[in-house]
Amino acid sequence: MSQILPSLERYHRPASLDEALRILHEGGASVMVLAGGVSLGMVPRRAVRGVVSIERLGLDAVEREGGTLRIGAGVTLGHLERMLAGDSPVERLLMVTVRRTATTPLRNLITAGGVIAGVGPWSDLPVALLALGADIVLNGTTVISIERFLADGPRSIAGAIISEIRMSVDGVKGGAFIKLGRNETDLAMASASVVVFDDGVQPRVRVAIGGLVSRPLRIEAVEESLTRGVIDRGALSELLGSLVTPRHDPRAEAVYRLDLAGTCVMDCFETATREASA
Amino acid sequence: MNEYDTTVVGHSVRKLDAMGLASGRHTFTDDFALPGMLHARLLLSPHAHARITSVDASEALVLPGVVSVVSAANAPRVFHTTAGQGFPEPSPHDSVMFDWKVRHVGDRVAVIAAVSEEVAEAALGLIRVNYEVLEPVFDPLRALEPGAPVIHDEPEAHAAIPVVYRPKQNLAASAEFSTGPVDEVWDQATHRLDRTYQVHRASHCAIEPHEVIAYLDPDGRLILRSSTQVPFHARRIVANVLGLPVGRVRVIKPRIGGGFGGKQEVFLEQIAGLLCLRTELPVRLRLTRQEVFMTSRTRHPQHLRLRSAADGEGRVTLLDLDTVLDTGAYGSHALTVATNTGSKVLPLVNRTRAVRFRARSAYTTLPVSGAYRGYGATQGAFALNVQMDEMARDLGLDVLELWRRNHIRSGESSPVFQALGEGTEGVPMSIRSCGLEQCLEQGSKAIGWEEKRGRGGNGRLVRGIGMAALMQGSGIPRIDMASATLKLNDDGSVNLLVGATDLGTGSDTILAQIAAETLGIRADQVVVYSSDTDLTPFDTGAYASSTTYISGEAVRRAASDLAGKIIRVAARMMGTELHGLSLRGGLVIGGDRVVAVSDVALRSLYQEDQEQLMGMASAWGEVSPPPFSAHFAEIEVDTLTGRIRVVRYVAAVDCGVAINPALAQGQTEGAVMNGIGYALCEEYLMDDRGRMRNGSFVGYRIPSSRDVPDLVTILVPTYEPTGPYGAKSISEISINGPLPVISNAVYDAVGVRLRSSPFTPDRVWRLLKGE
Amino acid sequence: MRVTATVNGSPFSCDVAPGERLVDVLRAHGLTGTKYGCGSGECGACVVLLDGEPVNSCLVVLPRIEGHSITTIEGLGTPSVPHPIQEAFAEAGAVQCGYCTPGMVLSAYALLQRNPHPTREDVAAALDGNLCRCTGYVKIIDAVMMAAARLRGEALS
């Protein structure tokens with residue numbers, strides 16, 4: 001038999017967040033948080049001596065409260081897919097995004113918290129969450145914007161546990177997520193999400209792209225021009241090129257992926273606008 | 001019609017092992033653990049080309065649990081080919097188990113046997129290897145140039161048969177022939193094309209990784225339970241490499257989780273066998289998925305230059321194909337894939353005045369090429385069909401019409417058949433059955449050829465259709481041999497023992513149907529055992545589309561042999577002449593007199609003139625009747641992203657009489673999807689040091705259920721007089737279609753000619769931009 | 001560490017290192033219908049049901065199943081008393097080499113538990129984590145549609 005982590009000695013299954021955090025702090029770098037476990041095979045095999053499972057921390061609920069949708073960090077994407085309702089633009093966008101993420105059995109392992117912790121390759125959901133302007137709750141108390149969370153990278157979760165993702169559903173009128181790989185279930189060569197908000201004063205959009213660098217990026221620079229309808233595909237791709245230097249991807253060159261990201265943004269914008277005006 | 005009707009053949013009998021497999025009960029190689037079994041792991045080269053100056057395993061050997069380490073320092077050095085072919089093999093003998101030189105990233109440096117996979121893996125990092133890094137060669141054209149680094153500079157590498165083999169020039173194999181006045185036809189032609197095509201490397205991706213378990217029986221014989229397509233070749237090669245008499249080796253093939261040519265390669269059995277002999281313990285050697293990509297075998301990439309000429313009447317007068325194959329670090333199948341690139345393609349166009357063919361297989365320091373479903377025909381059919389499409393447009397003809405005016409027909413021969421064999425000259429052959437015309441007709445109707453062709457459009461999503469004409473073979477004539485043994489049981493059932501190797505294709509079922517048909521019993525009364533070198537008679541193995549045609553004929557003859565003996569006993573029981581007796585519905589019938597086959601069995605086993613009634617026969621292909629096929633597809637190009645979507649795919653196939661239509665469809669559907677994946681998304685992504693960047697199913701994309709188009713298979717019935725019950729083979733041919741069909745359909749849609757595969761979105765996007 | 005769970009409806013417990021993979025433990029306990037294909041969750045040959053949902057058992061460390069329920073292909077039916085999905089796979093010609101089949105059947109089972117009226121697209125989506133190289137998926141989707149109809153009690157044309 002072989003082991004995912006041959007060095008693993010301790011499997012902690014704490015019943016409270018406090019206890020989990022305590023174990024995490026005491027263990028230091030050799031203890032990691034275990035959610036879906038999909039990324040376990042990707043960490044250095046001899047480095048991890050202990051894991052802290054989040055399964056008993058009660059982070060597995062999807063709740064709608066007032067104008068807020070709250071997704072527990074331990075919710076698997078498969079469970080999320082089954083819990084989402086098709087009657088709100090936010091939930092429709094999340095559903096579309098989840099269904100384009102990984103495969104059916106993997107979605108039953110991958111958790112909402114896991115994909116935003118950023119260690120796995122299946123980072124489709126964070127693109128949509130960035131477009132939605134979601135917030136991340138750490139340790140049950142600290143709330144930070146996903147934008148900030150993603151920008152800070154791994155250091156934002158060192159010694160911490162993501163407990164929840166929450167977002168406002170008020171004002172969201174339409175949303176779209178599009179990605180393209182070599183086949184239907186491939187990782188994104190480029191992806192985008194666009195969300196149309198309208199609080200009754202002034203419609204605005206938020207734009208995020210994925211697959212070009214190691215994390216999703218919000219592209220504020222195009223949001224206004226998209227809203228005003230003064231940017232076309234060519235200009236958009238050029239603009240992206242001036243803002244982003246794509247990381248190396250052996251599948252396709254940077255110039256193509258920038259152009260593709262631009263096309264994904266335009267397609268998302270059209271879809272989201274259509275939904276918003278429907 | 002009742003269940004005993006003489007129509008077992010031609011019916012979609014349920015695959016005999018289907019329920020055992022669907023319930024997870026059938027055992028594969030890995031489903032068989034032995035007490036005290038050691039686990040082996042390979043240490044693979046990190047360098048594309050290097051000399052090993054030293055290997056020090058002392059640290060690894062002191063790690064608790066490590067039992068044995070083998071490397072060039074202590075392995076037998078017997079030059080052989082891993083190609084798993086007949087004897088003597090046409091592939092160069094350029095391999096040893098572990099050499100002092102590594103020739104690609106992933107080449108084998110050492111193997112460790114330990115008490116667990118963890119220990120073996122941990123020990124890999126403790127072997128100290130010093131390398132003297134040499135200049136790599138990643139381009140087969142460059143490899144053939146004077147001054148290129150020599151990849152096989154060892155003096156022992158040699159060819160086992162008289163063929164061209166020049167390792168000092170990195171030439172692993174070459175073949176050529178010419179007929180007719182090539183230059184004259186070219187010079188005088190009114191329509192000429194001279195184009196270059198490139199076809200890429202691919203992995204078989206059988207979902208079961210390569211694996212072997214080696215153990216000793218109580219008499220010290222070496223038993224290999226292996227995921228192999230060629231048990232008898234494996235036995236011979238392992239015996240040779242390990243210095244054992246063939247009789248001291250037994251190879252057992254359990255259920256196999258797919259092969260597609262990849263498991264024709266005998267490259268792990270000898271290593272596991274050696275570890276087993278050294279430790280006297282059972283040893284399991286299973287490749288990881290990454291290792292399957294890196295160190296097993298791949299499809300030969302090719303650079304094909306094809307020249308063709310045609311006259312104003314739409315007659316193709318010349319084909320001149322010159323191709324260079326990248327055989328990678330070793331010359332496995334280097335010659336025969338090369339010759340098949342011509343022999344399974346050029347005869348399709350059969351009104352020519354001249355044909356020329358040249359193929360050279362070049363060593364490079366890249367992953368090893370080998371047998372892969374399609375076997376050269378995939379590569380050649382791409383060049384030919386894309387060029388036929390272009391020629392038709394030059395001539396102002398519908399490409400279907402161009403094919404109709406030029407394709408080979410029943411009763412015709414081709415000089416190519418005689419010129420190109422597999423290591424020797426070929427075999428002259430005249431086509432007895434050819435349903436290509438009907439394939440073109442029925443396939444074009446099913447796709448809507450007339451209505452849909454040339455619609456194009458200026459929108460973002462543009463549709464187009466394309467087609468290709470294909471052929472393959474049915475076994476290797478005068479080389480492949482199969483045999484079968486049948487024995488009659490008390491109840492009239494029979495045991496069928498065949499060396500033929502069912503690797504998931506359903507050949508056990510097809511062979512049972514042929515036996516049942518001949519004996520007048522039901523297929524489920526045939527108990528098939530395949531294959532085990534101790535228990536089943538010889539068969540060259542499952543490759544070259546040989547099983548239905550050659551092994552099927554062996555089974556038909558063996559069953560006839562047994563039928564004759566049953567009838568002889570029955571005639572004695574009835575007190576009649578042999579003449580006029582026949583087998584049907586489990587009975588021997590002679591006029592109004594009837595004897596049950598079970599009574600014949602009981603009498604023979606227990607009562608009078610006692611003997612075990614058995615049938616035994618061998619078969620050998622005198623010819624290799626090609627299956628023919630026409631493929632069609634409707635595709636949609638997203639002109640902004642370059643993404644190609646296959647909307648509908650039609651494969652019309654002539655495989656003679658389909659012994660089991662459902663299984664024939666299954667072969668076709670599987671081959672088409674493999675071909676679509678090859679055309680659109682599967683690719684080895686290599687870095688500039690010869691390392692594969694995507695050695696996993698995340699990185700190397702094969703189609704999933706979400707990628708399946710509307711896929712239609714049409715079986716076009718013909719009757720092949722030399723085949724068992726009129727059958728030809730079908731397993732390979734349909735993998736050859738998608739590459740040219742999709743390329744031609746993209747041209748039809750957007751006017752862009754794809755001559756290099758794969759057709760990934762970024763490449764299509766570039767071409768659409770005019771780059 | 002000791003892990004206690006339910007496997008195919010029966011109590012199951014064993015002592016393992018915490019990093020052991022579920023696929024290996026199941027196979028070591030004789031449940032060899034769960035196959036190894038890639039070891040990294042990409043091929044689906046090792047799919048089992050965890051509380052009724054398909055998961056890649058090569059990515060599940062054993063402590064994760066503590067207190068949960070696992071169904072393997074052996075728990076679904078036997079060759080003599082097969083589940084209708086297994087029967088349909090055999091009948092539709094959906095089994096070639098059979099290496100992917102146990103995982104396919106379990107993914108199909110989970111789908112039909114939730115959605116007794118799937119479209120071909122639903123089936124294709126539900127099976128997208130189970131790679132098959134032999135069949136081209138056509139007859140596998142046929143088989144699941146056939147099984148769905150039978151489980152709904154519909155007569156087959």
Side-chain angles (χ1 to χ4, degrees), chain B residues 12 14-15 17-28 30-33 117-118 204-209 255-260 286 288-290 292 502-506 660 662-663 665-674 676-677 696-698 702-708 711 713, chain C residues 19 24 27-28 31-45 72-74 76-80 82-83 85-102 104-105 121 123-141 143:
Chain B
S12 296
R14 176 187 283 198
K15 192 164 172 285
D17 51 0
M19 193 57 78
L21 289 163
S23 56
R25 261 62 172 194
H26 262 300
T27 53
F28 294 78
D30 198 48
D31 301 338
F32 177 80
E117 281 186 276
E118 274 80 45
H204 307 77
C205 297
I207 308 300
E208 178 202 36
R255 290 293 98 187
I256 304 298
F260 318 106
R286 176 178 76 181
T288 66
R289 181 54 56 182
Q290 187 184 26
V292 173
D502 191 335
L503 53 144
T505 53
N660 185 316
L663 289 174
Q665 284 166 12
Q667 286 297 306
T668 305
E669 289 158 359
V672 166
M673 276 318 293
N674 191 335
I676 289 175
S696 73
F697 282 141
V698 162
I702 70 171
S704 84
S705 50
R706 285 197 200 223
D707 299 306
V708 184
L711 178 49
T713 300
Chain C
D24 294 323
R27 291 178 55 77
L31 298 172
T32 54
T34 305
K35 305 300 183 193
Y36 166 95
C38 71
S40 47
E42 300 149 14
C43 77
T72 71
I73 192 68
E74 290 87 353
L76 215 60
T78 68
S80 45
H83 187 276
I85 297 172
Q86 293 167 318
E87 182 73 29
F89 266 66
E91 196 173 321
V95 182
Q96 284 193 31
C97 83
Y99 203 78
C100 73
T101 311
M104 284 279 183
V105 167
E121 290 67 37
V123 175
L127 302 181
D128 67 355
N130 298 87
L131 295 178
C132 168
R133 195 58 153 174
C134 295
T135 65
Y137 303 101
V138 178
K139 293 192 187 325
I140 289 175
I141 298 171

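So you know, we letter chains A, B, ... as the sequences are listed, proteins then strands, and number each from 1. Treat the numbers as computed from the prediction; the structure is a model and nothing was measured.
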Visitor: Answer yes or no: is there a side-chain heavy-atom contact under 4.5 Å between C:Cys134 and B:Phe260?
Guide: yes

Visitor: Can you confirm if the NZ or CZ of B:Arg286 lies within 45° of the ring axis of C:Tyr36 and under 6.0 Å from the centre of its six-membered ring?
Guide: yes

Visitor: Top residue by heavy-atom pair count (under 4.5 Å) with chain C, among B:Glu208, B:Met673, B:Gln290?
Guide: B:Glu208

Visitor: Side-chain contact test, heavy atoms from C-beta onward, threshold under 4.5 Å: evaluate it for B:Pro209 versus C:Tyr99 and give yes or no.
Guide: yes

Visitor: Are C:Glu91 and B:Lys15 close enough for a salt bridge, meaning some N to O gap below 4.0 Å?
Guide: no

Visitor: Counting heavy-atom pairs under 4.5 Å with chain B, which one of C:Gly98, C:Gly33, C:Pro79 comes out on top?
Guide: C:Pro79

Visitor: Quick one: do C:Glu74 and B:Ser23 satisfy side-chain contact (heavy atoms from CB on, under 4.5 Å)? Show the steps, please.
Guide: CA-CA 6 Å; C:Glu74 290 87 353; B:Ser23 56; over 6 Å; no

Visitor: Which one wins on heavy-atom pair count under 4.5 Å against chain B: C:Asn130, C:Ile141, C:Ile85, C:Thr135?
Guide: C:Thr135

Visitor: Check whether C:Thr78 gets within reach of chain B through its side chain, its backbone, both or neither, counting any heavy atom under 4.5 Å.
Guide: both

Visitor: So C:Arg27 and B:Asp31, side-chain contact (heavy atoms from CB on, under 4.5 Å) or not? Walk me through it.
Guide: CA-CA 8 Å; C:Arg27 291 178 55 77; B:Asp31 301 338; 2.8 Å; yes

Visitor: Under a 4.5 Å cutoff for heavy-atom pairs, which residue among B:His204, B:Gln667, B:His26, B:Met19 has the most contacts with chain C?
Guide: B:Met19

Visitor: Between B:Ile702 and C:Arg133, is a side-chain contact (heavy atoms from CB on, under 4.5 Å) present by the stated rule, with each step listed?
Guide: CA-CA 8 Å; B:Ile702 70 171; C:Arg133 195 58 153 174; 3.5 Å; yes

Visitor: Among C:Ala125, C:Cys100, C:Ser80, C:Pro82, which has the most heavy-atom pairs under 4.5 Å with chain B?
Guide: C:Ala125

Visitor: Would you mind telling me which of B:Asp502, B:Val672, B:Val708 has the largest number of heavy-atom pairs within less than 4.5 Å of chain C?
Guide: B:Val708

Visitor: Give the C-alpha distance, both sets of side-chain angles, the deciding distance and a yes or no for side chain to side chain donor-acceptor pair (under 3.5 Å) between B:Gln665 and C:Lys139.
Guide: CA-CA 9 Å; B:Gln665 284 166 12; C:Lys139 293 192 187 325; 2.7 Å; yes

Visitor: Report the option among C:Val138, C:Thr101, C:Leu127 that has the most heavy-atom pairs separated by less than 4.5 Å from atoms of chain B.
Guide: C:Val138

Visitor: Please determine whether a side-chain nitrogen of the Lys or Arg among C:Lys35 and B:Asp30 lies less than 4.0 Å from a carboxylate oxygen of the Asp or Glu.
Guide: no

